[in-house]
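Below, read A as the first sequence line, B as the second, and so on, with proteins coming before strands; counting in each chain starts at 1.
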Number of protein chains: 2
Amino acid sequence: MRILIVEDEKPLREQILSLMATEKYACDTAADGREGLFLGSEYDYDLAIIDLGLPLLDGTQLIRELRSKERNFPILILTARGNWQDKVSGLEAGADDYLTKPFHPEELRARIHALLRRASGHASSVLRYGPIAIDTSAKRVFRDDAEVELTSFEYNTLTYLAMHAGKNISKSELTEHLYAQDYDRDSNVIEVFVGRLRKKLDADGSLNLISTQRGLGYRFNLDKQ
Amino acid sequence: MRILIVEDEKPLREQILSLMATEKYACDTAADGREGLFLGSEYDYDLAIIDLGLPLLDGTQLIRELRSKERNFPILILTARGNWQDKVSGLEAGADDYLTKPFHPEELRARIHALLRRASGHASSVLRYGPIAIDTSAKRVFRDDAEVELTSFEYNTLTYLAMHAGKNISKSELTEHLYAQDYDRDSNVIEVFVGRLRKKLDADGSLNLISTQRGLGYRFNLDKQ
DNA sequence: AATGATCCATGCGTATTTTGATCGTTGAAG
DNA sequence: CTTCAACGATCAAAATACGCATGGATCATT
């Protein structure tokens, strides 16, 4: 999951960033609205966290611009306490949720998790695909009720594919969502991780869990239940 | 599109209903929260419009119940003017947008459109041309509901032609769109791929899927639906 | 420092793409 | 009605690019 953080106050920005890091989300940051607009227009994020009080381009305006460009990833806005009008104008501009500063890290984590879950069209936090179950809140994976230990990249790769079950996902789409901005594109990490996932979750290949469409990408082949 | 309307005041309910009728949406109505819960649990709507002030079961509670039952169609809530707390608790319960009463019919229409559009953002965008279906987000192609496996160049050639259905597309236009700039022009790759597409998708030629306009290019002959 | 995770380089096998040779079609000119 | 030339279709072989496995290097975390 790739997240855009637009926050002008450095300490808060860093705090959010490190929180996101513990969750293993790939993050890009912007310190003002204009930079946020650039990044948000340029890349396909899974979620954006936007402070409403921003220099150069107001948060509300930023959201409006992003929405008018058909960027429709979920947006969580941060507002100063008690500033009802701001929240509402933010929501009106197209934000999906808000959080008042100061906030508990735990709460931010929960809201982001909820937004990501909803955005992917899954209501429950346990995704079932035949014998494979993914608990997205605990970040644990099971095959036939036995837990399969995955590393965080293996887990992220799997969930991204599973949340787009049936679709061909190109390697570049995977790298874009699993890694932050500056990532060396020509590498075969993705192949390696897909290989590991196949080995760990479908060693004998009987599930045909992840198939490769040469030139088009990978496809998670189990139906959601 | 099927829409659930939960509103206790009869005049307003009728007004919304007639507005929705002009939009050709199929609507069910409920006059209280309990009835709303029954309908919302029973049927799979594309959207629900819910007034927060409801008899028998509060709107917020209704939303919570629906969400807990994994009904995740978008929900638009109606609130009395200036009742900030209500909006927020409604959004918190799982609503997607809100509108304050009284409202302009035009505004309700716009918001519903926006919500439906957003909700369909995750549905796969399938282009249908008679018996041929192209799922552009999954990059998969079907003929008469059976999947046809295409290679990436075959797929790209097909989608380019299909997205310009009815028009003559010259071979040079195709090469320009399928290849990076400097491509060796005198080659018959395109002919080969068109041949493969015809064989895979219309082996007996009964569809006349892609016709050749000698000297001008190729034409995809099915109408978009 | 030790452990585990992630990343990178290599070589191999194979699906896909490209080529080139040949054959079929078309439409205009003789 | 033929002939001809230009264009497109087809096929199989050749070239290529792609993905995979593997093992070792690097990086992060403890």
Give a yes/no on whether any side-chain N or O of A/Tyr155 is located under 4.0 angstrom from OP1 or OP2 of C/dT6.
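So the side-chain polar atoms of A/Tyr155 never come under 4.0 Å of the phosphate oxygens OP1 or OP2 of C/dT6.
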Does the side chain of B/Thr151 get closer than 4.0 angstrom to OP1 or OP2 of C/dT17 through an N or O atom?
yes
Classify the side-chain pair A/Asp28/A/Tyr45 by whether it contains a donor and acceptor separated by less than 3.5 Å.
yes
Verify the distance criterion only: is there a donor paired with an acceptor across the side chains of A/Asp135 and A/Ser137 at less than 3.5 Å?
yes
Rounded to the nearest Å, what distance is computed from the [atom1] atom of residue [X] to the [atom2] atom of nucleotide [N]?
X	N	atom1	atom2	value
A/Ile190	C/dT6	CD1	P	12 Å
B/Phe193	D/dG8	CZ	C1'	16 Å
B/Glu149	C/dT16	CD	P	9 Å
B/Tyr179	C/dT16	OH	P	15 Å
A/Leu178	C/dA5	CG	C1'	15 Å
A/Leu158	C/dT6	CG	C1'	17 Å

Determine to 10° how strongly the helix from C/dA1-D/dT30 to C/dG30-D/dC1 is bent, judged from the axes of its five-pair ends.
30°
[X] with [Y]: basic N within carboxylate O range, under 4.0 Å:
X	Y	value
A/Lys101	A/Glu9	yes
B/Glu65	B/Lys69	no
A/Glu176	A/Arg2	no

Of the non-hydrogen atoms in B/Asp46 and B/Pro74, which two are nearest, and what is the gap between them?
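In this case the closest contact between B/Asp46 and B/Pro74 is O-CD, 3.2 Å.
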Using the test side-chain contact (heavy atoms from CB on, under 4.5 Å), find all partners of B/Phe142 that sit at least two apart in sequence or belong to another chain.
B/Ala133, B/Arg140, B/Glu147
Rounded to the nearest 0.5 Å, what's the gap from CG on B/Leu201 to CD1 on B/Ile132? Could you check?
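So the CG of B/Leu201 and the CD1 of B/Ile132 are separated by 4.5 Å.
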Plane angle bin for B/Phe153 and B/Phe193 - parallel if under 30°, tilted between 30 and 60°, otherwise perpendicular:
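The rings of B/Phe193 and B/Phe153 lie parallel, inter-plane angle below 30°.
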For each nucleotide in nucleotides 17-30 of chain D, reading 5' to 3', give B when a protein heavy atom comes within less than 4.0 Å of its base, S when such contact involves only the sugar-phosphate, and - otherwise.
BBSBBB--------
